[in-house]
Amino acid sequence: MAGGKEIDNGSRGIRVAIDRGGTFTDCVGNPGTGRMEDDVVIKLLSEDPQNYDDAPLEGIRRLLSKFTGREIPRGEPLDTSKIESIRMGTTVATNALLERKGQDIALIVTKGFKDCLEIGNQSRPNIFDLAIRKPDVLYKTVVEIDERVTLEDYTEDPERKQSKVESNDLVQGKSGEAVRILNKPVEHTIRKQLQQVLDSGIKSIAVCLMHGYTYSDHEALVGKIARDMGFEHVSLSHELMPMIKLVPRATSACADAYLTPAIKKYIAGFSKGFEGGLGTDSVKEESGSKGARCEFMQSDGGLVDVGIFSGLRAILSGPAGGVVGYALTSYDPETKIPVIGFDMGGTSTDVSRYGSGRYDHVFETTTAGVTIQSPQLDINTVAAGGGSRLFFRNGLFVVGPESASAHPGPACYRKDGPLTITDANLFLGRLVPDFFPKIFGKNEDQGLDAEASKKLFEELTEKINKEMSGQKENMSPDEVAYGFIKVANETMTRPIRSLTEARGHDTSKHRLATFGGAGGQHAVAIAEALGISQILIHRYSSVLSAYGMALADVVDERQEPESRTWADDEESRKPLKDKMGELKKKSTQVLKAQGFGDDTIEFEEYLNMRYRGTESALMVAKPTADEAKKDFEGDDWAFGKAFERQHEQEFGFTFQDREIIIDDVRARGIGKSFEGLEKTVDQQLREITPKDLQEKKHFDVRQTYFEGGRQDTPIYKLEDLEIGERIKGPAILADGTQTIVVPPVASALIINTHVIINVGESDSSNKKVTTKEIDPIMLSIFSHRFMAIAEQMGRALQKTSVSTNVKERLDYSCALFDADGGLVANAPHLPVHLGSMSTCVQKQAAIWKGKLKKGDVLVSNHPMFGGTHLPDITVITPAFSGDNIVFYVASRAHHADIGGILPGSMPPHSRELFQEGAAIESEKLVSEGRFNEERITELLHDIPAQWEGCSGTRCLADNINDLKAQIAANQKGINLISTLIEDYGEDVVQFYMHNIQDNAKLSVNNLLKDVAKRFEGKDLTAVDYMDDGSPIKLKVSIDAEKGEAIFDFEGTGPEVYGNTNAPEAVTYSAIIYCLRCLISEDIPLNQGCLAPITVKIPPRSFLSPSAKAAVVGGNVLTSQRVTDVVLRAFSACAASQGDCNNLTFGFGGNVKGDKVVRGFGYYETIAGGSGAGPTWDGTSGVHTHMTNTRITDAEVFERRYPVVLREFSLRPGSGGKGQHAGGHGVIRDIEFRIPVQVSILSERRVYHPYGLEGGEDAQCGLNIWVRNVKGARKGAITNGEREANTENDGDEAVEERRINLGGKNTAAMQAGERIIIMTPGGGGWGKVGEESKATNRPDPKKAWRQGSVAARQSEAEASA
């Protein structure tokens, strides 16, 4: 097609590429010449029922009319004999998912897992939302099949035992692992269960059974029975994506069963518009006159024949075309400059990256609340596009995430819409109404309404000036509109930086390829912020997704699981090569069936690899011939070395002594459609001699606003400009589909395929910012900048650390503080770190006042010095200006072990602090640049081992490496703030550091005034109890006039001889978390939140314990009860489960001073029910308040540890009843396959989670040990049944006893014994029988494409 020569598969003419988007459908047609100048571009509305039923069909009709010279009437079937190919991207699947309008389906799953998708990974999407809303499941009903297999061996086995497959019940899975068949399914039972599904009217099913990725016989049996019975669609998880992880695989199977029928229905309707068939089969069948190739774009950037297009692979169909479009037109394989794609449309802004000549794929992404396991391009929505709404809240400029969407659209669309970014661009003269189609107004025949935008900006400016009166001189509507543009750009650059830097790439070494209708107005500012000097805007940038379809290749993806260890010898490689060969053979057959010959089929080969003991695998590409020659001594199967190089780049280090495990073998078969595109950008640049535009070619001159004021700006029609002409800014280049803004600091160069913008040195950051008054725009920008610094510190920490806790579970926080130790910004927002880190920094600042020098770094973890629990170690670095400390940066990371009585340093039964490991009050970790390794070794390893029954740290090397990573992260923070100071001056940075705190203070002041009004000035009181009877009492006295409050915990119980004592810092964290939840708006989280609050905690109570008190339970249990008490005082909601249900098990370690036994340890926290509130029902099976950790997926759990997870389901009836019911807890039933030590640390086993306003209390939790006791009388009755299980000697029977472990206990469990944890529910709200007032608040980010950036964010927030 355009820009390339199609490989001849019997060429005969017109080629069409279409992207059906949410608002517009873009069509690019070529009569068959392949020349760009012969292309015809058509843009039409995706929905226009008065004129046509289907936009793509209408687009093809118009193109055929144009190319054949005959106006084809609507409704006449289109003649496919004239069409060579149709290529299409569609939003049909995405829309069906967003609107939940797919096919009714049933999920078929292993017994014990019927609620696996409702529980998901147990974390909540928004940690500060009391009304927790998890996405709805896609199925109508669930059927549990009584079958079960498990993996015989476990990867954490220190002996690395591998079972031989010798019996019928022990078979080899596809991954090479030994699979134990515990229970075979019964065919007639399955038939009966499925018949009930059919009888209910459901014709489509999704099947996902435990370990189906490696042992698929049971899934295949269910599939065969279902098809025989007449189900119209059957999705089997092992056929769709045979990757480990039950929950994403089950969701994927559901998505496929839910969406594929909708897609098939759409394709059938689309095909009816043609005379002759569509797709490979129709081309084969016809004898020359009928049938056209028809391919659809998949989420992975490859095309697939219409006959095999499925719902699972269709979710990113449209946006994928855009990535292919910019990748193939902007990347030069010779210069290898990587490209960031910036796609800013009307309703979303998507970013992605292309480098090394390969697409970046991710294998687990979330769209419309559904987590899919399937190869997809790494596309990330970072904003709501031109439709992003504008707000002035709490003294800050806020852009999005709410969108005006297509209806009503921006204010200027003449439908009474709200103010948006599009309005700001129009008002400032950055959009030219003359070039916009006249499709607005009642009769859809008017242009943009600039007056509507102007009116709303004037009203908003008046409101801002009124609110800021006395603090700032009046702003003009121009300044306000431009302020929103600046804040919008700042909002978008943070996730773009995350996308590149999290993978180890330097953002400034990229080009920015911008496309979509609004991209050209923001590209230069975005590039400047990211340090990018060149922007590429393709001539087809506004229809680049459609153009990408025209350039894309047909792809067939194949993948199989694996479990081998990598070795560099040929004998070890052979089985992998054989498996790869089989996958390639299957792909070749599929591609040949679509008309491709051997000479047009290529392969990308991958191994999914990771270090043993880590969780994050890297998809490693087979080295190309050039790479092999240059880097791997000609070895093109050097996957091991390629993995190490990729690991070094992404994470900053390699493990020299760790084995490399292969999780999957993947082949990507590519049917090449085109050879030789147009000349690349770099080739064109070498051939062109730029000449500055001399003559007056401009179409008009308008007043356009840039930094500092409006300027006369010439407007050029793109078609009037010639190749080689250079236009210096300010200028606007436009045509009917796009507007490109070239500010004064930039220039635009016209080449054949692109407009290239070169960004010069900006003087905007050197603009003098005053400290005489608060500028709300600068305040908003500094708020983003401070957060960005904390985020970049976090990425530096993750990259340079080595432990799984930091690198993979992201259990850390990074923050910056003012010179007094007051928190300015921290990321990610782990509730338990929010208030406590500043306590730590303030105490250290006071201790070392006047004694610190440049190059000094402090370390502390002691509860009396702002610590939470001992494994969380805080590293603090002061930053100097001359001899004065101007700010501090700090990083806190959870270390896997720091000594004490048990591995993991979180013992359930500790009584004294020394039993929990090393306690560091205040030490210099670095003195004037020298790392004090000797002293830190003494503190972590030697001193803790001096206590009876205790050990020093069990992983000293990891501790030291992670501490060095924390030091490096702090240094990154200091460097970034230094750059900020260089740009703005120290006085300005300090000024906004304090003002951002004042801004948060204002939000809390306003909240407290509202509460005082609601409670008519009365004190708020609440009390609740720990299970040992210790009370937590609270009285909140509010000064209604000032908006200040005293939180007085007088009457709270004394310090306990146990580990539920909570350091004072934990109470501060709980208060700041509660206040943020109650404000229910996105405010800066910093010291200002606590400024209006005075906290009184009685000394030596268990909320302010002595220096030697054990505290490990305070962090995970007492913090939850403090939260319950605060929320009860404010009558905010009923109690949630109030517990983390901390479970640990394992064996090994240094027992009683004997020699060390190699073993393993495992730790998890388990979800429960959330409390109901005045406008919401509680949510079941979710983590609440101070924790949000994810649960290990059931299949990964059984692969890594010697366990069988018998059940993980919701616990019906455990939530409190009421007008709004509380959420249910869960049941987690684990059987151990070898003897292990099991410990549980839990609460709410005695005191029920309370209901409010007449709502009922929830059920308490319960921990049961299912114990097999030898020596019971033979044939005794146990649990109501006669016990027949006897030992081999025939004398001793085994009795199964159920023993209540209580809330906190530890037990040595034998093989075959189980622990059943039943977690508490959430309390109810309001009296039973009263009419529900539950409301469903829409999620503005529901339609956002959540690639690696969102995955990283949610993972970080799920590490508390």
Measure the acute angle between the ring planes of Trp947 and Phe914, then classify it against the limits of 30° and 60° as parallel, tilted or perpendicular. parallel
Aromatic ring pairing Tyr1162/Phe1145, orientation class (parallel under 30°, perpendicular over 60°, tilted between):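 Ring orientation, 0 to 90° scale: tilted.
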Specify the closest pair of heavy atoms between [X] and [Y], including all atoms of both residues, with the distance to one decimal.
| X | Y | answer |
| --- | --- | --- |
| Ala918 | Leu870 | O-CD1, 3.7 Å |
| Ala815 | Met837 | CB-CE, 4.1 Å |
| Thr1184 | Ser1170 | CG2-CB, 3.6 Å |
| Ile1240 | Asn1141 | CD1-C, 4.4 Å |
| Ser1136 | Gly1171 | OG-N, 2.9 Å |
| Arg1228 | Glu1164 | NE-OE2, 2.7 Å |

Spatial distance of atom [atom1] ([X]) from atom [atom2] ([Y]) [nearest 0.5 Å]:
| X | Y | atom1 | atom2 | value |
| --- | --- | --- | --- | --- |
| Leu1085 | Leu823 | CG | CG | 8.0 Å |
| Arg1211 | Ile1317 | CZ | CD1 | 12.0 Å |
| Glu923 | Asn861 | CD | CG | 10.5 Å |
| Ile1315 | Ile1299 | CD1 | CD1 | 11.5 Å |
| Gln997 | Leu1090 | CD | CG | 11.0 Å |
| Ser1037 | Asp1048 | OG | CG | 7.0 Å |

Can you check whether [X] reaches [Y] side chain to side chain, under 4.5 Å on heavy atoms?
| X | Y | result |
| --- | --- | --- |
| Leu925 | Phe931 | yes |
| Leu1117 | Asn1142 | yes |
| Ile1072 | Ile1093 | no |
| Arg1128 | Leu1034 | no |
| Glu1243 | Gln1137 | no |
| Gln842 | Asp820 | no |
| Val824 | Gln1087 | no |
| Leu940 | Ile920 | yes |

Is there a donor-acceptor contact under 3.5 Å from the side chain of [X] to the main chain of [Y]?
| X | Y | value |
| --- | --- | --- |
| Asp856 | Lys924 | no |
| Asp897 | Arg954 | yes |
| Thr1123 | Ala1070 | no |
| Lys843 | Met864 | yes |
| Gln966 | Ile873 | yes |
| Ser951 | Gly899 | no |
| Arg1121 | Gly1138 | yes |
| Glu1050 | Pro1098 | no |
| Asn1061 | Val1056 | yes |
| Gln1120 | Met1186 | yes |

Thinking salt bridges, do Arg1244 and Asp1139 make one under a 4.0 Å N-O criterion?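 Judged by the 4.0 Å cut-off on N to carboxylate O distance, Arg1244 and Asp1139 do not form a salt bridge.
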Using distance alone, with no hydrogens and no angle criterion, decide if [X] and [Y] have a side-chain donor and acceptor under 3.5 Å apart.
| X | Y | result |
| --- | --- | --- |
| Asp1257 | His1248 | no |
| Glu916 | Asn1059 | no |
| His1183 | Thr1165 | yes |
| Asn970 | Ser891 | yes |
| Thr839 | Glu1064 | no |

Verdict with reasoning, Thr937 to Glu934, per side chain to side chain contact (heavy atoms under 4.5 Å, CB included): CA-CA 5 Å; Thr937 301; Glu934 202 177 303; 5.9 Å; no
From the list Ser813, Ser860, Ser836, side chain to side chain donor-acceptor pair (under 3.5 Å) partner of Arg892 resolves to Ser836
Apply side chain to side chain contact (heavy atoms under 4.5 Å, CB included) to the pair Val1011 and Phe1130, showing each step before the final yes or no. CA-CA 8 Å; Val1011 171; Phe1130 281 83; 3.9 Å; yes
For Lys1033, look at atom NZ and say whether over 12 heavy atoms of other residues, nucleotides or ligands are found less than 6.0 Å away. no
Tell me whether the count of non-hydrogen atoms from other residues, nucleotides or ligands lying under 6.0 Å of NZ in Lys1035 goes above 12. no
Apply side chain to side chain contact (heavy atoms under 4.5 Å, CB included) to residues His895 and Asp958 and explain how you reach the verdict. CA-CA 8 Å; His895 288 244; Asp958 277 11; over 6 Å; no
Go through Arg1245 and Asp1027 one step at a time and tell me if the salt bridge (charged side-chain N to carboxylate O under 4.0 Å, His left out) criterion holds. CA-CA 7 Å; Arg1245 273 28 183 195; Asp1027 280 352; over 6 Å; no
Run Asp962 and Tyr812 through side chain to side chain contact (heavy atoms under 4.5 Å, CB included) and show every step you take. CA-CA 11 Å; Asp962 281 356; Tyr812 62 78; over 6 Å; no
